[in-house]
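Working notes, structure below.
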Protein chains: 2
Amino acid sequence: MTEQSRIASRFKASAAVPQGLANCPVRNVLDQIGDKWSTLFISLLGEKPHRFGELRRAVPDISQRMLTQTLRDLQRDGLVSRHVYPTVPPSVEYRLTPLGQSLLEPLSHLIRWAETHHAAIRTARGEFQRQAA
Amino acid sequence: MTEQSRIASRFKASAAVPQGLANCPVRNVLDQIGDKWSTLFISLLGEKPHRFGELRRAVPDISQRMLTQTLRDLQRDGLVSRHVYPTVPPSVEYRLTPLGQSLLEPLSHLIRWAETHHAAIRTARGEFQRQAA
DNA sequence: TGACTATGGTCTCAAAATGAGAGCAGGGTA
DNA sequence: TACCCTGCTCTCATTTTGAGACCATAGTCA
């Protein structure tokens with residue numbers, strides 16, 4: 001059994017206790033960083049600290065509401081820190097914490113995979129639709 | 001500039017064209033595999049092929065509706081293949097395709113990260129809540 | 001015969017998450 | 001006076017998800 005084939009057991013680590021799967025550490029963490037926006041902002045902040053408005057302009061298709069919420073969730077998880085400068089109007093800067101930076105490395109593997117295989121996935125999607133029609 | 005700090009540019013690869021960000025290959029791919037259930041089933045199927053009912057029992061907190069849909073999406077993207085056996089009642093088996101298997105490796109990095117740091121994240125969440133109160 | 005099992009789904013309706021857009025404080029600028 | 005800028009929050013509509021009933025088929029038990 002290769003190391004990869006054991007991945008599933010990591011998800012099931014807590015399956016013994018009630019609601020164990022929902023509390024599984026891996027799912028717990030991946031549910032957050034695997035949402036629609038988190039990885040994108042972690043990548044942007046990995047480049048350099050950004051202000052709120054910079055992030056909004058960098059990702060025009062997020063609503064301000066979700067941007068606020070995503071940043072707060074990342075902050076809550078200790079991946080991002082928030083710094084308010086008492087200028088007028090006040091400006092707010094977001095940065096990766098060391099914990100957030102440590103995520104850049106494994107994330108980069110996933111991104112490399114996506115770059116390498118997105119053509120194959122597009123082909124598969126086309127194929128699938130052709131068969132459905 | 002380290003390799004990791006350039007991650008953001010991969011997301012922005014298509015920012016030049018209209019709606020480029022939404023069509024960005026990386027976001028396109030990560031949006032799918034980063035949903036609430038996909039990584040979990042890819043991991044399970046990485047262990048061995050599973051039947052529909054096995055997957056449902058392995059993940060009791062998914063609704064049958066979402067299980068069906070998640071599997072169909074993975075199949076559409078060419079990560080999972082579906083095999084129907086004409087028994088009575090018919091049984092259906094799902095397996096990873098080679099493309100799906102190639103995802104196990106980068107995924108394992110992320111899972112290792114989650115295992116390593118979930119304690120820190122829980123601590124951060126507790127800290128955050130304490131400050132809010 | 002009738003009730004019940006199991007399989008892999010679909011359909012409908014309610015609940016939850018998200019998007020769109022307005023509003024807000026508070027000082028700057030014209 | 002009127003308007004801009006910042007980083008939000010609030011409300012309401014749309015979209016996504018969850019819960020649960022329903023379906024066809026055939027076997028099993030009484």
Side-chain angles (χ1 to χ4, degrees), chain A residues 19 21-23 27-28 30-41 44-45 48-77 80-95 128 131-132, chain B residues 18-19 21-24 27-28 30-41 44-45 48-77 80-95 128 131-132:
Chain A
Q19 279 86 44
L21 270 170
N23 291 333
R27 285 181 62 181
N28 210 303
L30 258 48
D31 272 4
Q32 169 54 30
I33 68 144
D35 82 348
K36 190 175 179 184
W37 306 106
S38 293
T39 54
L40 181 51
F41 288 114
L44 283 169
L45 295 176
K48 65 174 178 61
H50 281 71
R51 294 184 46 186
F52 186 89
E54 284 182 304
L55 291 172
R56 185 156 40 90
R57 283 186 294 275
V59 186
D61 56 337
I62 193 176
S63 63
Q64 205 161 343
R65 188 178 161 287
M66 284 311 292
L67 178 52
T68 301
Q69 188 180 310
T70 301
L71 289 170
R72 212 194 335 267
D73 287 349
L74 291 173
Q75 192 195 348
R76 171 180 55 94
D77 285 3
V80 160
S81 60
R82 183 174 184 272
H83 306 268
V84 183
Y85 298 101
T87 57
V88 140
S91 70
V92 183
E93 188 179 79
Y94 293 90
R95 325 183 172 171
F128 190 80
Q131 289 186 0
Chain B
Q19 281 86 44
L21 270 170
N23 290 333
C24 158
R27 286 181 60 181
N28 210 302
L30 291 187
D31 273 3
Q32 169 55 32
I33 67 144
D35 81 349
K36 189 173 177 184
W37 306 107
S38 293
T39 55
L40 180 51
F41 288 115
L44 283 169
L45 295 176
K48 65 174 178 59
H50 281 72
R51 295 183 46 184
F52 185 89
E54 284 181 305
L55 291 172
R56 186 155 41 90
R57 282 186 294 273
V59 186
D61 56 337
I62 193 176
S63 64
Q64 204 161 334
R65 189 178 161 285
M66 285 311 292
L67 178 53
T68 302
Q69 189 180 312
T70 302
L71 289 170
R72 212 194 331 270
D73 287 348
L74 290 173
Q75 192 194 349
R76 170 180 56 96
D77 285 2
V80 159
S81 60
R82 183 175 184 272
H83 306 269
V84 183
Y85 298 101
T87 56
V88 140
S91 70
V92 183
E93 188 179 77
Y94 293 89
R95 324 181 173 174
F128 190 81
Q131 289 187 0

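Below, chain A is the first sequence line, B the second, and so on; all start at residue 1.
Nearest to the side chain of A:Gln69, among C:dT18, D:dC8, C:dG19, sits C:dT18. Side chain of B:Met66, nearest nucleotide from D:dT17, D:dT6, C:dG28: D:dT17. In this structure, of D:dC8, C:dT18, D:dA26, it is D:dC8 that holds the atom nearest to the side chain of A:Gln64. Each of C:dG26, D:dG7, D:dT17 was ranked by its minimum atom distance to the side chain of A:Arg82; first place goes to D:dG7. Counting only heavy atoms from C-beta on, B:Thr68 has its side chain closest to C:dT10 among C:dT18, C:dG8, C:dT10. Closest to the side chain of B:Pro89, out of C:dG19, D:dG18, C:dA6, is C:dA6.
Residue A:Arg51 is classed as a sugar-phosphate contact, given heavy-atom separations below 4.0 Å to backbone atoms only. At a threshold of 4.0 angstrom between heavy atoms, the contacts of B:Tyr94 are confined to the sugar-phosphate backbone, with no base atom among them.
B:Phe41 places none of its side-chain heavy atoms less than 4.5 Å from the side chain of B:His50. Between B:Leu55 and B:Leu71 there is a side-chain heavy-atom pair separated by less than 4.5 Å. Side-chain contact between A:Arg95 and A:Leu45 is absent, with no heavy atoms from C-beta onward closer than 4.5 Å. Within the 4.5 Å cutoff, side-chain heavy atoms of A:Leu44 are placed close to those of A:Val59.
Rounded to whole Å, atom C1' of C:dG19 lies 9 Å from atom NZ of A:Lys36. As a whole-Å value, the separation of B:Ile62 CD1 from D:dG20 P is 16 Å. The distance between atom OH of A:Tyr85 and atom P of D:dC5, rounded to the nearest whole Å, is 22 Å. Put simply, CD on A:Glu54 is 13 Å from C1' on D:dG7, counting in whole angstrom units. In this structure, the CG atom of B:Asp35 is 19 Å from the P atom of D:dT15, given to the nearest Å. Going from atom CG of B:Leu67 over to atom P of C:dT7 covers 13 Å, rounded to whole Å. Atom P of nucleotide D:dT16 and atom CG of B:Asp31 are separated by 12 Å, given to the nearest angstrom. Spacing between atom CZ of A:Arg56 and atom C1' of D:dG7 amounts to 8 Å, rounded to whole angstrom units.
How far CH2 of B:Trp37 is from CZ of A:Arg27: 5.0 Å, rounded to the nearest 0.5 Å.
Under 4.0 angstrom from either OP1 or OP2 of D:dT9 there lies at least one side-chain N or O belonging to A:Arg72.
Along DNA chain D, the nucleotide closest to A:Arg65 and the one closest to A:Pro90 are compared, and the more 5′ of them pairs with A:Pro90.
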